[in-house]
Amino acid sequence: MKRTLFFLFILCALTNSEAKDIFIQSKSISLIINVENGKEPQYIYFGKKVNNDEPLQYPTDGRMDIYPAYGMNAPTEAALAITHSDGNLTTVLKTTGYNIKEEGNSTLTVIHLKDPVYPVNVDIKYRAYHDVDMIETWSEITNQEKGVINLTRFNSAMLPIRRGDVWLSHLYGSWANEGQVAEEQLEPGEKIIQNTDGVRNSHTDHAEVMFSLEGKGKENTGDVIGAALCYGGNYKLRIATDDTPYHYFFAGINEDNSVYHLKKGETFITPPLAFTFSDEGLSGASRSFHKWGREYMLCHGNQERMILLNSWEGVYFDINQEGMDQMMGDIADMGGELFVMDDGWFGHKYPRTTDNCALGDWIVDKNKLPDGIEGLLKDAKKHGIKFGIWIEPEMTNTKSELYEKHPDWVIKAAHRDPVTGRGGTQLVLDLSNPKVQDFIYHTVDNLLSKYPGIAYIKWDANMPILNDGSQYLSMNNQSHLYIDYHRGLDKVLQHIRTKYPDIVIQACASGGGRANWGVLPYFDEFWVSDNTDALQRIYMQYGTSYFFPAIAMASHISAVPNHTIFRTTSLKYRIDVAMSGRLGMEIQPKNMTPDEKNLCKEAIKEYKIIRPIVQFGDIYRLQSPFAHKGVASLMYVSDSKDKAVFYWWRIDNFYNEILPRIKMAGLDPNKFYTVHELDRIDNTPLDCEGKSYKGSYLMEHGLEMPSNNNVDYNKKTDWSSRILYLTLK
C-alpha cells in the first residue's frame, strides 16, 4: 500500500483521574478531545489550528461523546451497537487511558475505552499528518467476553457539527453519469447516504461529503469540513439533526444485512474516516484531499502518468494481432507512451467475442492473437511504447470453463438459482473464499510473471452482488459476506502489490464504480466513467475533483458521435476536456483524418509540458457547470505559483448569450504572468496571447474569453473551449 510508517516513540499519559485536553494537530488544523479516566471522552474543538495555551470554550449544549454507544441513552443516535453474549443490548464506553506516538510523518493518538461491566474494549484512533491538512480516525473493537457478541452497528466515527446555515455537498449519479454534485441545506431530521452494491460503491452515491458552515458552499472562500470514508464496500453516512444545537455526522460500513458475529479474542477494525477543515472554501478542502491522496493514499501518487490509447471504443471485442499493431503505431506517432488492449483477447473453449462468456478463462485466444502476448509486447517495443492489458478477475460467466469446474466459487444464495448480470451470464466470484482469493492472485501473478513486459493493468468489475449468499461461509455467518468480500479483495491486492510494486493498475468498475479512497492505495487511477462525451465529462470530472486529484482521473479523447449518448462535439473540445485529467485516447486512430491526428499530436506534446502542473498542482475551481451560467472553468497552479493552467469550456449554446468573465485564483498577486493559449485552432490569436498580467489583476478581473473559436466557416462548431498556460514573466 501507499503508506509506509515507522515507529519513533510512545508517550503514555492520563495515569490519574484528572481531565486532560488532547490536541490532535495536523499541518494547520486542530482536533481537541477532553479525556478523563472513567468518563466518556468528549469533542471540544475542530477547525483552524490553535495552540495548546489558548483558552477554549467547552461545548455545554450538545452530545459530544467521540464514540457514542447504544443503550443507556437509547433515543439518541449511536456509532456502536452490540448484542452481548448474554443478550444485553446496552454498551457503555469509559476512558481507561490514551497513547500518543510518532509514526513516520504523522502522529497517532489512541484513546482506550472499555465497558465497565462487559469485557469489551474499543480503541479510537486518530492519525494526524504533519505536512497535509488531514486527520484519519477509526475504531478497533475487541471482544473478551466468554462467547460471541453481535455487532449490529460499527461506525468508524461520529463528528458533531454546530448548527447554523450549514450546507451539505455530496456526489451522486448513475452508470455513465457519475460524479454529479448535490447541494442542500441541512434541516432537522436525518439524512442518509448509502451504498448496497456489494462490489462497487461510487456509481449512485459517494462515501465523501463536504459541509459548508456559512451558507451554501463557495469554491474559494468560507469555512468547510470535508470527510471521506476510506472503504471500497457498502457504506452508510448519516447526518442526524435533533433538538440540540448540533448536526451529528456518522460514517461507517453499512450494517444493513451485515450483522457481524465477533468471536472471543477477535478484533473488528473499521475503515478510516479522513476529514479536514478549510477556511478557503470547497476548493480549499479539495486541495487538502488531493495532497493527502497523492502523498499517502494513491499508489504511485508522486509519479507522472503515461499518455495512453485504450482499444475499447476503437474496436470493442474485435481484437486481432494486426489491428493492435496498427493502433500501437498510431499512438506512438502521436507521441503517446502506452497502449492498452481491452476486453476480447482471451478464451479457449468459449472465445470472448461478446460479453456473455469466458470470464475466468484467462487464456490467449490464438485465433485472434496467433503470436500471443509475446507478439504484442514485441510490437510495443518496436514502436517505443509500453503495453497494458484488460482483465476482470473478480468475475466469471456461466458460459466458461472456470464455472464448469468451480460452480461453488460464485456468490449464490442457498437453495436459489444464481442471479446473473451482464450478458445474462455474468457472476461474481466469492472473495470470502480463500481458494477464490488464491485463484484471483494467481491469475494476475501468472500474467505478469509470464509476460514481465506488461506495464499496465485495467482491472474491471462490471457487476454488483445481486443475490446475497456465500457457498463458502457457514449459514450462521451469511451476514459477513459484504464485509468478507472486501477483506478478501484487500488481501489479494496487498499480495499483488507486494510482489509487483511497480505495475500501474487502473480501477475500472463499469466506469466510475470504484472512485473511493478505500481501494486507491492499490490503484494508480480510476476510470471516471464509461461515458466519454466531452460535455458530460465536464460535469462528472468537476464533481469528482471535489475529493480526487487529476492524476487519478483517467480522461480520454474519444470519437464522435459519442458511443454512449451520440453527441457530436469538436475534436478541440474533446481534447481540452481530456487535458484537464490524466490524458488518454479512446478511439480508432485509423478512422481519423491527418489533420485530426496532427491536432492530437500537438495536444499530446503540449500536455507533456503542463503535465506536472495538472497532475501535481493545486486545484482552484472557478465556475461550476452545475450553476448553469453557460460556462465552466477551473485551473491548476504549481506549488511555487510560478506556473498555472486555466481551463474554460462553454457548456451552453444560445444566440446572444452573455457569458460571465471568470476570475482566476491561486496566483501570486505581486508577480506578472505571461499568457499562452494551448491547443489553438483559431485563425488569429487571442487578445491576451503573449501579454503579461499581474496576478492580482487576473484574480480580481479575469480575462475575456471569446464565446466561439475564430475558424474558417466550414470548421465552425457549436462548442468552444480554451486552455491558457501561464508562466512567470
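The residues of the chain are indexed from 1 along the displayed sequence. Keep in mind it's a predicted model, so treat the numbers as computed, not measured. Side chains are part of it too, since the values below use all heavy atoms of this structure and drop only hydrogens, waters and symmetry mates.
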Between [X] and [Y], is any side-chain donor less than 3.5 angstrom from a side-chain acceptor?
X: Asp205; Y: Asn195; value: no
X: Thr152; Y: Glu255; value: no
X: Asp330; Y: Gln326; value: yes
X: Glu392; Y: Gln426; value: yes
X: Asn155; Y: Arg238; value: yes
X: Glu178; Y: Tyr172; value: no
X: Glu184; Y: His170; value: yes
X: Asn177; Y: Gln536; value: yes
X: Asp484; Y: Ser432; value: no
X: Thr532; Y: Asn562; value: yes
X: His556; Y: Arg582; value: yes
X: Ser470; Y: Asp430; value: yes

I'd like to know whether the aromatic ring centres of Trp649 and Tyr542 sit less than 6.0 Å apart in this structure.
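Not close enough - the centres of the two rings lie 6.0 Å or further apart.
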
Proximity of Phe548 and Phe526 rings by center, below 6.0 Å
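Close enough - the centres of the two rings lie under 6.0 Å apart.
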
Below 4.5 Å, heavy atoms only, C-beta onward: do Leu448 and Ile503 meet side chain to side chain?
yes

Any side-chain heavy-atom pair of Asp379 and Met324 under 4.5 Å
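Of all side-chain heavy-atom pairs linking Met324 with Asp379, none is under 4.5 Å.
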
Using 30° and 60° as the class limits, which term best fits the ring planes of [X] and [Y]: parallel, tilted or perpendicular?
X: Tyr441; Y: His495; value: parallel
X: His406; Y: Trp409; value: parallel
X: Tyr539; Y: Phe626; value: perpendicular

Closest non-hydrogen atom pair between [X] and [Y], with its separation:
X: Arg514; Y: Ala461; answer: NH1-CB, 3.8 Å
X: Val199; Y: His486; answer: O-CE1, 3.4 Å
X: Ile319; Y: Asp343; answer: CG1-O, 3.6 Å

Take atom [atom1] in [X]; do more than 12 heavy atoms of anything else shown fall under 6.0 Å from it?
X: Asn257; atom1: CG; result: no
X: Lys499; atom1: NZ; result: yes
X: Asp417; atom1: CG; result: no
X: Lys597; atom1: NZ; result: yes
X: His261; atom1: NE2; result: yes

Which residue in the set Phe268, Tyr482, Phe154 passes ring pair (Phe, Tyr, Trp, His ring centres under 6.0 Å) when paired with Tyr260?
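Only one of Phe268, Tyr482, Phe154 forms a ring pair (Phe, Tyr, Trp, His ring centres under 6.0 Å) with Tyr260, namely Phe268.
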
Can a cation-pi geometry be assigned to Arg537 and Trp527, taking NZ or CZ under 6.0 Å from the six-membered ring centre and within 45° of the ring axis?
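Judged by the rule, Arg537 and Trp527 form a cation-pi pair.
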
Nearest 0.5 Å please: distance from the [atom1] atom of [X] over to the [atom2] atom of [Y].
X: Asp355; Y: Asn462; atom1: CG; atom2: CG; answer: 8.5 Å
X: Arg305; Y: Ile551; atom1: CZ; atom2: CD1; answer: 4.0 Å
X: Cys508; Y: Phe523; atom1: SG; atom2: CZ; answer: 10.0 Å

Ion pair [X]/[Y], N-O distance below 4.0 Å:
X: Arg352; Y: Asp365; result: no
X: Lys399; Y: Glu404; result: no
X: Arg294; Y: Glu304; result: no
X: Asp325; Y: Lys382; result: yes
X: Asp333; Y: Lys590; result: no
X: Glu337; Y: Lys386; result: no
X: Glu401; Y: Lys349; result: no
X: Asp490; Y: Arg487; result: no

Residue pair His563, Ser558: steps toward the side-chain contact (heavy atoms from CB on, under 4.5 Å) verdict
CA-CA 9 Å; His563 82 135; Ser558 61; over 6 Å; no

Report the C-alpha separation of Glu525 and Met553 in whole Å, then their side-chain angles, then the decisive distance to 0.1 Å, and conclude whether the side-chain contact (heavy atoms from CB on, under 4.5 Å) test is met.
CA-CA 6 Å; Glu525 61 183 29; Met553 292 195 286; over 6 Å; no

Decide yes or no on side-chain contact (heavy atoms from CB on, under 4.5 Å) for Gln506 and Ile457, but give the supporting numbers first.
CA-CA 6 Å; Gln506 180 191 88; Ile457 288 175; over 6 Å; no

Could you walk me through whether Trp312 and Phe317 pass ring-ring contact (aromatic ring centres under 6.0 Å, His included), step by step?
CA-CA 8 Å; Trp312 178 245; Phe317 293 100; 5.2 Å; yes

Carefully, step by step, assess Lys435 and Asp438 under the rule salt bridge (Lys or Arg N to Asp or Glu O under 4.0 Å).
CA-CA 5 Å; Lys435 291 182 179 179; Asp438 290 342; over 6 Å; no

